[in-house]
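Chain letters run A, B, ... following the sequence lines, proteins first, then strands; residues in each count from 1. This is a predicted model, so every value here is computed, not measured.
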Number of protein chains: 2
Amino acid sequence: MSHSSYLAHRIQALQPSAIRELLKHSKMPGVISLAGGIPSSELFDTEGLGIATQKVVAENFNDAFQYGLTEGNQQLRQQLVGLCQERGISTTDDRLLITSGSQQALDLLMRALVNPGDVFVVERPTYLATLQILSLNEAQVKSVGSDEHGMIVDELEALLKTTRIKGVYIVPTFGNPSGATLSASRREKLIKLAEEHHFVIVEDDPYGAISFTEAREKTLLQVATERGSQENVVYTSTFSKILAPGLRVGWIVLPEWMKQKVAIIKQATDLHANSFTQSLVSAYLTLERLNPQIELIREAYKKKCLSLSKHLQQELGEHITFNQPQGGMFLWAAFRYQFDTTRWLQQTLEKGVVYVPGEFFFSDNADKKTLRFSYATATEEQLYDAVQRLKAAL
Amino acid sequence: MSHSSYLAHRIQALQPSAIRELLKHSKMPGVISLAGGIPSSELFDTEGLGIATQKVVAENFNDAFQYGLTEGNQQLRQQLVGLCQERGISTTDDRLLITSGSQQALDLLMRALVNPGDVFVVERPTYLATLQILSLNEAQVKSVGSDEHGMIVDELEALLKTTRIKGVYIVPTFGNPSGATLSASRREKLIKLAEEHHFVIVEDDPYGAISFTEAREKTLLQVATERGSQENVVYTSTFSKILAPGLRVGWIVLPEWMKQKVAIIKQATDLHANSFTQSLVSAYLTLERLNPQIELIREAYKKKCLSLSKHLQQELGEHITFNQPQGGMFLWAAFRYQFDTTRWLQQTLEKGVVYVPGEFFFSDNADKKTLRFSYATATEEQLYDAVQRLKAAL
């Protein structure tokens with residue numbers, strides 16, 4: 001029986017076995033994982049989530065267990081209008097669609113936007129699962145460089161001189177894997193380019209709320225709105241990093257012209273997001289515990305990030321270089337000399353520590369001397385040990 | 001901004017607006033809906049689901065709120081091996097993948113199987129959401145007829161003489177919309193054809209457990225296994241109809257050669273099924289309440305089905321004809337003379353009753369005099385009133 005060919009070809013680029021092996025290893029006893037973008041379970045609001053669960057069973061039983069609307073739980077969508085407002089985003093509930101985490105948001109959006117062969121632009125480096133999704137949808141992926149101020153928008157402008165593009169995928173704030181945040185002037189310019197060249201920006205914002213300072217860049221959707229149009233930006237975010245990923249509740253703010261398309265695809269894909277956990281998130285939001293919970297996460301991750309940075313600087317500063325993250329979950333580093341971080345992983349694994357090699361985050365021109373550390377899951381003691389182990393593996 | 005073309009073309013065939021309108025109407029106050037395939041909320045095991053929820057929060061907090069494995073909760077997969085065994089299906093946990101309801105199972109499977117232009121065969125009539133998914137994946141859909149014994153497999157055999165097909169989609173037991181069950185001899189023949197012609201059968205079995213008698217046809221996967229191979233059948237089922245649809249927990253039993261492909265697509269699509277409700281279902285299964293719950297549903301739906309059948313026969317027997325369902329949620333009827341049930345819907349709506357016009361369940365050669373009634377949601381009194389209203393609309 002031959003069922004190879006097409007999909008096999010499409011997924012070849014994904015190197016999934018390598019990533020899946022890595023995830024397996026990261027769960028081996030004694031191994032400290034700086035690999036996955038996994039929120040710290042210790043920070044979960046156990047009490048609040050417990051109360052919210054009780055509320056669902058006591059007050060919203062049928063909503064939680066019955067089929068729901070494709071676009072999502074109506075009460076939750078109204079609450080999300082308020083949450084978006086806190087983030088400077090002005091929208092209405094009919095523009096919101098609730099998804100099974102922001103991973104599904106990206107899948108739905110790319111299915112709606114990408115025709116085979118369409119050019120989609122990503123940052124170099126970018127979120128690796130987006131590369132998988134673009135590949136599944138047969139997009140032609142082009143990349144533009146990034147630095148400590150995020151995507152180098154001038155490179156995008158140069159590309160647009162020769163290439164018609166369908167869209168740009170970007171994590172503008174506390175990027176994954178780069179940790180970088182797009183500067184205000186680049187945000188302005190990116191929106192202007194989207195208006196001029198009629199492309200769509202997919203603004204993926206899972207980490208924006210996890211800032212280590214009081215400084216805030218406007219979301220791209222806010223910048224676009226202030227310039228007079230929301231037609232070129234799709235905004236997506238999630239409760240995975242600020243509440244709990246197992247809930248699988250994310251959302252999309254859609255431009256008017258995409259609403260119906262995305263809803264139809266959502267319906268065909270899985271009818272609607274999980275009724276129970278939508279009700280659970282809605283009940284949680286009524287408790288007014290989300291903002292204190294985000295404060296807790298910000299403080300904890302900031303402390304962990306500073307620890308990891310300090311240890312890396314002290315122990316490995318002559319070998320690697322990195323920018324100090326201002327928020328989010330990731331520290332992106334690079335060796336100061338030619339180095340293959342994918343190969344090195346075998347040695348660090350023997351010493352009992354794993355990370356994600358940088359090359360997986362590139363669609364092309366992979367920089368093999370880069371690597372991504374997540375500081376979210378490990379304890380401070382583990383972060384210290386991890387760096388010692390990395391040093392011993394050199 | 002022009003974003004039309006490709007997807008717009010792909011979704012044109014879906015007629016979603018008509019269906020969405022219909023669903024809206026079916027929720028209007030005073031309207032009795034015989035439209036959606038929605039389990040009766042009154043039958044939910046409120047107590048059992050409440051206990052299971054408590055157990056999750058008390059005993060499995062981290063599993064429920066943290067990221068999980070792409071293939072699904074390991075304990076639940078092991079429990080599903082036992083549940084499959086009760087259905088005559090012999091499998092192992094590594095062949096099981098948990099999905100967001102069986103709707104997502106169908107989407108994942110078609111994404112894994114269908115290359116643009118591949119021929120996929122469905123019954124005439126068939127589940128309309130499958131037509132949507134096949135359309136999104138650019139399959140070439142061919143249909144074969146069905147009667148009171150399910151798909152007419154001889155028609156498929158004739159088609160195979162001229163056409164190379166990738167797969168067959170079938171709801172062999174208590175079909176949607178037909179209510180029909182594929183006979184034993186046709187099951188045997190279908191499997192034999194799949195072996196000879198190297199195609200895949202997607203066996204969609206959401207209703208098999210909801211039998212009104214003690215008679216049981218073997219699943220196609222069991223028939224195939226007894227013939228010596230599981231390579232040609234993919235089996236999918238769900239907790240939506242036997243426990244609660246809002247949980248969005250379904251599963252696939254995959255042949256060895258599809259396992260990795262489907263897992264990769266699942267991961268790109270939404271990482272994994274909902275952690276919380278997977279834990280909830282797993283906790284529920286430990287309570288040993290599922291089989292009594294299924295008994296309750298079987299009894300209740302049987303009673304409702306008999307009521308609806310009786311009223312239809314008495315009040316509309318000279319106008320419509322139908323086969324008596326032996327299980328499931330649907331009664332498929334046809335006018336005895338030329339009739340347009342899509343147009344008629346406007347009149348029945350005015351009288352306060354809705355159903356799904358039959359034409360939506362056909363990929364081609366739609367039989368406009370057919371219609372689907374669901375008896376699951378309405379009360380017995382409402383079923384009586386509904387038929388009176390249908391009569392008044394004639």
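Shown here for A:Leu136 and B:Ala268, the closest heavy-atom pair between the two residues is CD1-CB, 3.5 Å. A:Gln66 and B:Pro39 make their closest contact through NE2-O, 2.9 Å (heavy atoms, listed as atom of the first residue, atom of the second, distance).
Most heavy-atom pairs under 4.5 Å with chain B, from the set A:Asp270, A:Leu106, A:Val249, A:Asn62: that is A:Asp270. Ranked by heavy-atom pairs shorter than 4.5 Å toward chain B, the options A:Leu108, A:Leu243, A:Thr53, A:Val57 are led by A:Thr53. Residue with the most contacts toward chain B among A:Ser102, A:Ala105, A:Gly246: A:Gly246 (heavy-atom pairs, distance under 4.5 Å). Chain B forms the most heavy-atom pairs under 4.5 Å with one residue out of A:Ala244, A:Ala273, A:Pro245, and that residue is A:Pro245. Chosen from B:Thr46, B:Thr99, B:Val56, the residue pairing most often with chain A at heavy-atom distances under 4.5 Å is B:Thr46.
We find the NZ-CG distance between B:Lys266 and A:Asp107 to be 10.5 Å, quoted to the nearest 0.5 Å. In this structure, CG on A:Leu247 lies 10.0 Å from OG1 on B:Thr277, to the nearest 0.5 angstrom.
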Practice item. I would like to know whether A:Phe61 and B:Ser41 meet side-chain contact (heavy atoms from CB on, under 4.5 Å); could you show each step before the answer? Key: CA-CA 10 Å; A:Phe61 195 92; B:Ser41 301; over 6 Å; no
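A:Gln104 places no side-chain N or O within 3.5 Å of a backbone atom of B:Leu271 that could act as its donor or acceptor partner. Remark: the backbone N or O of B:Thr269 is not paired with any side-chain donor or acceptor of A:Gln132 at under 3.5 angstrom.
Proximity to chain B (any heavy atom under 4.5 Å) is restricted, for A:Gln54, to the side chain, taken from C-beta onward. When heavy atoms are compared at a cutoff of 4.5 Å, A:Ala64 approaches chain B solely by way of its backbone atoms N, CA, C and O. Proximity to chain B (any heavy atom under 4.5 Å) is restricted, for A:Leu280, to the side chain, taken from C-beta onward. For A:Thr130, no part sits under 4.5 Å from any heavy atom of chain B, backbone or side chain. Looking at A:Phe65, both its backbone and its side chain come within 4.5 Å of chain B, counting heavy atoms on both sides.
Between A:Phe276 and B:Phe276, the two ring planes are parallel [angle under 30°; tilted spans 30° to 60°].
Side chains of B:Gln267 and A:Gln103 form no contact here, defined as non-hydrogen atoms less than 4.5 Å apart. Considering only heavy atoms from C-beta on, B:Arg248 stays 4.5 Å or farther from A:Arg248 through its side chain.
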